[in-house]
Structures are given as structure tokens and as C-alpha cells.
**Student:** 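For reference, the structure I am asking about is given below.
Protein chains get the first letters and strands the later ones, always in sequence-line order, with residue 1 at the start of each.
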2 protein chains.
Amino acid sequence: MPTTLKDIARELNISVSTVSYALHGGTRKIPDQLREQVRETAVRMNYRPNRLARSLVTGRTNTIGVVPPVLDDDVFLSPYLRMAWNSIVNEAEKLRQDLLLLTASDRTRAADSIDDLVDSRIDGLLFVAPSVEAKPFERLTELQVPYTLMSAGGNAPGPHFGVDNNQGVRLAVQHLMALGHRRIAHIGGPDSSYDAIMRKSTFDQLVREYDLPLFDGQSQHGPWTRESGEARLVELMKLAHPPTAIFAGNDDLAIGVLGRAFEMGIRVPDKLSVIGFDDAGFLAYGLPGLTTVRQPLPELAALAVRSLVDFIATQSVPADLELPATLVVRESTGPAYLTP
Amino acid sequence: MPTTLKDIARELNISVSTVSYALHGGTRKIPDQLREQVRETAVRMNYRPNRLARSLVTGRTNTIGVVPPVLDDDVFLSPYLRMAWNSIVNEAEKLRQDLLLLTASDRTRAADSIDDLVDSRIDGLLFVAPSVEAKPFERLTELQVPYTLMSAGGNAPGPHFGVDNNQGVRLAVQHLMALGHRRIAHIGGPDSSYDAIMRKSTFDQLVREYDLPLFDGQSQHGPWTRESGEARLVELMKLAHPPTAIFAGNDDLAIGVLGRAFEMGIRVPDKLSVIGFDDAGFLAYGLPGLTTVRQPLPELAALAVRSLVDFIATQSVPADLELPATLVVRESTGPAYLTP
DNA sequence: TAAACTATGTGAAACGTTTCGATAAGGATG
DNA sequence: CATCCTTATCGAAACGTTTCACATAGTTTA
């Protein structure tokens with residue numbers, strides 16, 4: 001039985017509306033003396049505004065819903081999401097927005113379930129790396145729900161903020177080529193990911209553009225996991241002419257490659273160069289640090305949050321933005337090892 | 001302008017209450033035919049219940065507020081929190097609870113600010129690794145707010161779920177002693193952390209209990225960071241008789257030690273054994289693999305969430321629980337190197 | 001001095017639910 | 001036939017706010 005405005009009003013023998021004005025006084029002016037008295041009483045009585053009631057009448061909640069990617073069970077274990085989520089939290093705190101986590105609870109029919117997310121409890125929706133299958137964003141526009149997408153790739157519907165995959169992949173391939181590599185493989189992410197698709201297709205395109213040698217299993221899709229990286233490496237090393245360099249679609253995959261390479265006695269970067277993507281904050285000790293393409297996740301997350309808040313406030317759709325990637329050279333890449 | 005119960009009622013020429021009963025029918029029976037008709041209309045009109053309004057009257061929100069530890073800026077970058085948060089999310093989803101993230105927005109006076117967290121929007125509060133300074137949990141009891149604590153150590157007020165630090169530390173020290181180590185140092189966490197305090201005091205006690213040699217800087221407090229681990233190692237190695245083994249209060253610290261040891265050319269585990277605490281998952285990769293004391297974070301998180309939900313439902317305070325730690329032996333510990 | 005402000009305050013509607021207590025009609029019971 | 005259950009439905013209160021329209025009373029303006 002928490003204190004309400006009515007309780008304060010009764011205590012002071014004034015009306016509820018006066019109390020409301022005194023505490024959150026916007027348009028109305030309340031004499032200083034009374035206002036102080038009200039405030040004092042509010043504190044004394046442990047008054048806490050009921051935000052449900054407030055939101056019900058104002059229509060605003062100052063809360064944004066975050067929809068994580070639909071992966072397997074342990075979504076938040078992903079280094080990418082860890083980084084993204086941390087930045088989202090930071091930015092939301094700055095903008096004084098609360099965060100409601102919307103997990104895709106028991107939705108087999110993931111597609112239509114967007115309806116379930118739309119709720120009077122949130123002002124807008126932030127999708128983090130949504131999967132390609134999740135089409136029904138038009139539905140959101142129809143329902144008048146502001147939303148932004150973080151890391152969704154160029155062909156995603158709606159205002160999205162991501163890295164320039166094209167430029168990033170180019171950075172990686174050019175870095176490898178500058179080191180003399182020509183036989184380069186790509187271990188990519190799942191084809192439900194916008195980023196994975198973009199990175200793979202850019203890679204494929206660059207191979208043609210630079211006239212690099214083609215070989216079996218050169219460019220593959222798979223889950224964004226360390227295990228996938230390990231498995232792919234094993235396959236690639238079975239080839240008669242294995243690649244001298246591997247461009248992994250994200251850091252997890254790259255770490256898998258690195259770990260398995262060590263186990264197989266393949267020295268990195270002497271015999272094999274490995275480059276990742278994301279720079280999601282892996283720390284190395286005792287193994288070569290991972291050369292990778294840095295995606296400005298903190299900036300992207302902040303951008304996605306800020307734009308969403310703007311969207312909500314102004315009701316006008318924000319403009320997309322792709323930020324450039326940067327190359328972070330560590331020790332996992334080196335001059336190409338050329339068989340004599 | 002979303003559809004409301006009133007809209008449906010008007011459409012069908014029936015009363016609002018009938019619609020409500022038909023859709024979420026509890027006590028009242030509605031004839032099957034009418035019920036179907038109502039449901040159909042609801043779907044057709046894109047009806048979505050307004051949860052604010054519902055909660056306002058029922059007093060339940062099915063949402064629990066999560067309060068992360070007050071660390072520096074990037075709270076969610078911590079491997080511990082990543083693990084904990086992931087498990088919290090999983091369990092909450094199972095129990096169909098939504099999660100509202102309550103960040104400690106601009107509170108200089110962190111102590112009293114618990115009030116700000118108490119909100120009609122949540123049914124209960126889950127504190128993750130609260131700091132020792134945050135005293136005012138009595139206030140919560142006073143305000144009748146159900147809450148549980150995850151990883152708060154034995155002397156924390158309120159129902160808490162954590163690892164058995166005492167037993168865990170014992171595991172670590174005994175493991176090292178079994179390998180012949182006697183000169184053992186402890187690099188601990190900040191003294192704002194219940195866990196850090198417990199681990200340090202247990203360590204100190206064990207040193208006495210087993211009559212291990214004492215030396216300067218043997219047991220220290222510091223932030224839970226890799227940098228702290230690095231710095232401490234450097235100091236310890238300046239000693240005339242450096243320790244042969246280091247027990248780090250968490251994995252971050254241990255990784256710092258490992259990394260710096262590698263740089264300094266101190267071979268692990270040949271010259272130095274290192275053991276961590278948490279086993280919070282791989283954000284660091286490298287060699288040798290870190291021997292550590294595993295804290296069952298997923299289970300603890302699930303427990304904390306479940307107990308909170310119970311607490312909310314039954315209004316009776318759940319019982320504390322400490323789960324045992326387990327030893328995970330990898331390659332960073334080995335037989336003691338004894339100076340000839 | 002009448003009209004028009006200003007300052008201060010009140011009352012009540014509205015937000016969208018849930019749920020309690022009617023009510024009316026019909027059927028069964030005595 | 002009067003009474004008492006059911007059954008099907010409704011109206012209205014309540015949850016705690018915000019905010020608009022109105023009501024005083026005192027003060028300025030013409």
C-alpha cells in the first residue's frame with residue numbers, strides 16, 4: 001500500500017491536482033511555500049510516483065524494448081552481443097531510458113510474433129542483429145511503432161545502423177594481399193545473418209575482382225561459433241593446396257581457427273595468417289593476438305539508441321548510417337608462406 | 001490509436017466487461033459461440049491488451065527488475081556479468097517474466113537510491129553482486145518489495161544465492177598444496193565485493209591453518225581487472241623470494257597474471273602456477289588454459305530468479321542457498337618449482 | 001466603477017483494464 | 001403460481017496519474 005497523490009492531498013487538505021502540479025509542476029505555477037510543503041510531505045510519506053498510471057495517461061513510458069537476435073539458447077554469451085548490449089545500456093542510461101528486454105519467448109512462428117513485442121509498456125523497439133527471416137517490419141510501421149535496427153545490413157527494411165561490411169571486408173582482403181597472400185579462404189557466418197551474407201558476397205566478389213585463385217570450400221557459411229571455425233579449418237587443411245590465409249566472418253570463428261591451428265601444429269602467422277571481424281574484445285595471452293577488422297560497436301549501439309529516442313520524440317524516421325570499419329593489426333597475420 | 005476492449009465491445013454491441021471475460025475469461029462463463037466471435041473480432045481488429053492498464057488494476061506486472069553491480073562504466077563487459085546475465089535471461093524467459101534493467105542512473109548517493117528502483121512497473125528486484133556499501137536492503141523489506149541477491153556472500157542481508165566461497169578457496173589452496181606449493185600469494189578483488197572479502201579472508205585463514213609461509217604483499221585487494229592482475233604480478237616478482245603459485249580472486253585477474261607472466265618470460269606452470277576463480281567463460285583465449293575454481297553461475301542465476309518469482313507469488317521469503325564450487329584443472333597449474 | 005486580468009486552487013474526465021455487484025430472462029422447484 | 005436457481009450480460013467502481021476547464025478572490029486597467 002504505497003503512498004499516492006491522494007494520500008498527500010488528504011494529509012494537507014488540498015486537491016490531488018494541486019499535489020500533482022506541485023510535485024511535477026509543468027504549466028501551472030504553485031506558490032513556493034505550498035510547493036515546499038507538498039514536497040516535504042511527499043518525502044516524509046515515502047511517496048513514489050506510480051509510473052504505470054502516469055504512462056497510461058501520458059502515453060509515454062521512457063522505456064525502450066530491446067530485441068536480441070534469435071540464436072540458440074545462450075544469446076547473451078555471444079561476444080558480439082556482450083559488446084553491443086553493454087553499449088546499449090550505457091547510452092540508454094545517458095538518455096535516461098529504461099530498457100525492457102524482449103526475449104522471443106516460445107515463438108515457433110518467429111515471423112508474425114512481432115505483434116507480441118508491441119506493448120504499451122515501451123515507446124519503441126531496438127532490434128539487435130535481427131535475422132534475415134524476420135520480415136514483418138512493415139507491420140511495425142503499420143502499427144506506428146518506432147524502431148531501429150542495429151547491424152542489419154544494407155538490405156534490411158527500416159532505419160538501420162551498421163558497419164560498412166563492404167569496406168571492412170575489402171580492408172581485410174587487401175591487408176592479406178599486401179602480405180603476399182593470394183590463396184585465401186573465407187569462413188563465414190550463418191545465412192540468416194545480414195552481416196554474414198554481406199561479408200561472404202563481398203569476399204566472393206573481391207576474389208573475382210583481384211583474380212585470386214579459386215578452390216573447393218573457399219567460401220562457406222556456418223554458425224558464428226568457435227566450433228564452426230575449428231571444423232572448417234580442419235577441412236581446409238585437408239586440401240592438397242591449403243590456403244595461406246583465412247578471413248573469418250567474426251572473431252569467434254577466428255579464435256576457433258587459431259586454437260585448432262595450434263593443436264594441429266600449424267604455426268600462426270608463419271604458416272597461416274588469420275584475420276577476424278568485429279574486434280569484440282577477445283583477449284589473447286600466450287597465443288598471437290588476433291588481427292581483425294574493427295566494427296565500431298559502441299558507436300553503432302549508441303547511434304541506434306539515440307536515433308530511436310529521436311524517432312520516438314519527433315515521430316520522423318531517422319536516416320540510416322553505416323560507419324566505416326578499421327583494421328586492427330595484431331600478430332595473427334604475417335607474410336605469406338609460399339611452398340618452395 | 002490501438003484497438004481497445006471498448007472498440008471491440010462497440011463493434012459487437014456488447015459490454016466491455018463481457019469482452020474482457022471472453023478474452024481472458026476467469027471466473028465468468030461466456031457461451032462458446034460468443035466467445036469465439038469475440039476472439040475472432042479481437043484478432044481481426046489487431047487487439048493487443050494494454051499491459052499498463054492491466055497491471056494498474058491487478059497490481060502484477062510479471063516483470064522483474066535487475067540491478068547490476070555498480071562498477072565503473074562498462075558493467076556489462078565483465079565476463080562474470082555476461083555469464084550471470086545470460087543465465088538470468090534464460091531463466092526469466094522460462095518463467096515468462098520480463099526483465100527490466102535498472103541502471104544506477106546518476107546516483108552519487110548510491111546508498112539511498114534504492115527507493116528510485118522501487119517502481120510499480122516491477123514485481124520484484126534481483127540484485128546481481130551488489131556492493132557491500134549498498135546497505136539499505138532493510139528499506140526494501142520495509143517497502144514490502146520482494147528481492148533476492150545473487151552472489152552476495154554470507155553476511156549479506158536478504159535471501160542470497162552464491163557460491164560457497166569458503167569451500168571454493170579451500171579447493172584452490174589444497175590443489176596448489178597437493179602440487180607441492182607452499183609459497184602462495186592471493187590477488188583479490190575490491191573490498192566492496194562480498195565475494196572478494198570472503199575469498200581473501202578464507203585465504204588468509206588457510207595460510208594460518210596450514211602454516212604456510214608469510215610474506216609481504218601476500219594477500220591483496222584491488223579491482224577485478226586484468227590490469228590489476230598484471231600490476232600485482234610485477235610487484236610480487238620483485239620479491240626476494242617470489243611465490244611459486246598465485247591464487248587469483250577471479251579469472252580476469254588470473255588472465256592478467258598469465259599475460260604478464262608470458263611477457264616477462266616466466267613460464268607457466270613450470271616456474272609459476274596460476275589458479276583463478278569463476279570459470280566465467282572464454283573471452284580470453286590462450287595458453288596455457290587456466291586452472292580455476294568453477295562457480296556454478298547458471299545454476300545460481302536460475303536459482304535467484306526462481307526464488308524471486310516464488311517470493312513474489314507466495315510473499316514468503318525464500319531460504320538462502322550456497323552451491324559448492326568445483327575445481328577445473330587445466331594447464332596453468334603444475335608441480336611447484338623449488339629453487340635449488 | 002465596471003471590466004478585465006492574475007493568482008491560486010478545485011473538480012472531473014480520461015487512459016484501458018479487471019472485477020464486483022446488479023439485473024433480467026428463463027427454467028426448475030415447491 | 002410464487003419462489004428460487006441458473007445463465008447471460010451489463011454497469012460501474014477502482015487502479016493512480018495528468019491535464020483541461022472552471023471557480024473563486026484579489027488586483028489591475030480603462
Side-chain angles (χ1 to χ4, degrees), chain A residues 1-39 41-42 45-63 98 115 118-123 143-144, chain B residues 1-39 41-42 45-63 115 118-123 143-145:
Chain A
M1 56 215 84
T3 311
T4 71
L5 288 185
K6 203 195 285 190
D7 297 328
I8 302 181
R10 196 181 311 115
E11 178 89 1
L12 293 176
N13 261 318
I14 56 179
S15 79
V16 169
S17 44
T18 305
V19 178
S20 173
Y21 285 127
L23 290 178
H24 317 290
T27 46
R28 234 52 156 216
K29 273 198 277 185
I30 300 288
D32 288 353
Q33 196 202 335
L34 178 56
R35 154 171 281 135
E36 260 328 296
Q37 199 183 355
V38 172
R39 287 201 173 142
T41 318
M45 298 180 72
N46 282 329
Y47 171 72
R48 310 250 67 235
N50 183 322
R51 291 188 52 181
L52 290 182
R54 175 181 296 170
S55 293
L56 190 57
V57 35
T58 61
R60 283 290 303 269
T61 61
N62 289 314
T63 302
D98 288 317
D115 274 37
V118 176
D119 202 298
S120 36
R121 295 175 307 165
I122 55 176
D123 293 337
L143 291 172
Q144 308 256 40
Chain B
M1 56 213 82
T3 310
T4 71
L5 287 186
K6 204 195 286 187
D7 296 328
I8 302 181
R10 196 181 310 117
E11 178 88 2
L12 292 176
N13 260 318
I14 56 180
S15 80
V16 169
S17 44
T18 305
V19 178
S20 174
Y21 285 127
L23 289 179
H24 318 290
T27 47
R28 235 61 153 201
K29 272 197 278 184
I30 299 289
D32 288 354
Q33 196 204 334
L34 178 57
R35 154 169 280 134
E36 261 328 297
Q37 199 184 355
V38 172
R39 286 199 173 142
T41 319
M45 297 180 73
N46 282 328
Y47 171 73
R48 310 249 66 235
N50 183 322
R51 290 189 53 181
L52 291 182
R54 174 181 297 169
S55 294
L56 190 57
V57 38
T58 61
R60 284 289 304 269
T61 61
N62 290 314
T63 302
D115 274 37
V118 176
D119 203 298
S120 37
R121 296 174 308 165
I122 55 176
D123 293 337
L143 291 173
Q144 308 255 41
V145 182

**Student:** Please produce a list of atom pairs where a protein N or O lies less than 3.5 Å from an N or O of nucleotides 21-24 of chain D.
**Tutor:**
residue, atom, partner, partner atom, Å
D:dA21, N6, A:Arg28, NH2, 2.1

**Student:** Considering residues at least two apart in sequence or located in another chain, which fulfil the side chain to side chain contact (heavy atoms under 4.5 Å, CB included) criterion with A:Ser120?
**Tutor:** B:Asn50, B:Arg51, B:Leu52
**Student:** Using side-chain hydrogen bond (donor to acceptor under 3.5 Å, both in side chains) as the criterion, list what pairs up with A:Thr58, not counting sequence neighbours.
**Tutor:**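 With sequence neighbours excluded, A:Thr58 shows a side-chain hydrogen bond (donor to acceptor under 3.5 Å, both in side chains) to no residue whatsoever.
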**Student:** Report the residues that fulfil side-chain hydrogen bond (donor to acceptor under 3.5 Å, both in side chains) with A:Thr63, sequence neighbours left out, ordered by chain and then residue number.
**Tutor:**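 Testing A:Thr63 for side-chain hydrogen bond (donor to acceptor under 3.5 Å, both in side chains), a comparison that skips the adjacent residues, returns B:Arg121.
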**Student:** Just to verify, what does B:Ser17 make a side-chain hydrogen bond (donor to acceptor under 3.5 Å, both in side chains) with, not counting sequence neighbours?
**Tutor:** B:Ser15
**Student:** Can you tell me how far apart OH (B:Tyr47) and OG1 (B:Thr41) are? Round to the nearest 0.5 Å.
**Tutor:** 13.0 Å
**Student:** Can you list everything that forms a side-chain hydrogen bond (donor to acceptor under 3.5 Å, both in side chains) with B:Arg60? Sequence neighbours excluded, please.
**Tutor:** B:Asn62, B:Asp123
**Student:** Report which part of the nucleic acid B:Ile30 touches: base, sugar-phosphate, or nothing (heavy-atom distance under 4.0 Å, all strands).
**Tutor:**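 If one applies the 4.0 Å heavy-atom cut-off, B:Ile30 turns out to touch nothing in the nucleic acid.
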**Student:** Under the salt bridge (Lys or Arg N to Asp or Glu O under 4.0 Å) test, which residues partner B:Arg48, sequence neighbours left out?
**Tutor:**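 So B:Arg48 forms a salt bridge (Lys or Arg N to Asp or Glu O under 4.0 Å) with A:Asp116.
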**Student:** Please give, in whole Å, the distance from D:dT19 C1' to A:Leu23 CG?
**Tutor:**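 It works out to 15 Å between those atoms.
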**Student:** Output the rounded distance in Å from NZ (B:Lys29) to C1' (D:dC5).
**Tutor:** 13 Å
**Student:** Got a list of protein N/O to nucleotides 13-17 of chain D N/O distances below 3.5 Å?
**Tutor:**
residue, atom, partner, partner atom, Å
D:dG16, N2, A:Ala53, O, 3.4
D:dT17, OP1, A:Tyr47, OH, 3.0
D:dT17, OP1, A:Asn50, N, 3.3
D:dT17, OP2, A:Leu5, N, 2.8
D:dT17, O5', A:Tyr47, OH, 3.1

**Student:** Only counting residues at least two apart or in another chain, list the ones meeting side chain to side chain contact (heavy atoms under 4.5 Å, CB included) with B:Glu36.
**Tutor:**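 Checked B:Glu36 against side chain to side chain contact (heavy atoms under 4.5 Å, CB included); matches are B:Arg39.
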**Student:** Mark yes or no for a side-chain to base donor-acceptor pair under 3.5 Å between B:Ser17 and D:dG11, with no hydrogen or angle criteria applied.
**Tutor:** yes
**Student:** Quick one: B:Leu12 CG to D:dA8 C1', roughly how many Å, whole number?
**Tutor:**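 For the pair B:Leu12 CG and D:dA8 C1', the rounded distance is 15 Å.
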**Student:** Which part of the nucleic acid, if any, lies within reach of B:Leu34 when heavy atoms closer than 4.0 Å are counted: base, sugar-phosphate only, or nothing?
**Tutor:** sugar-phosphate
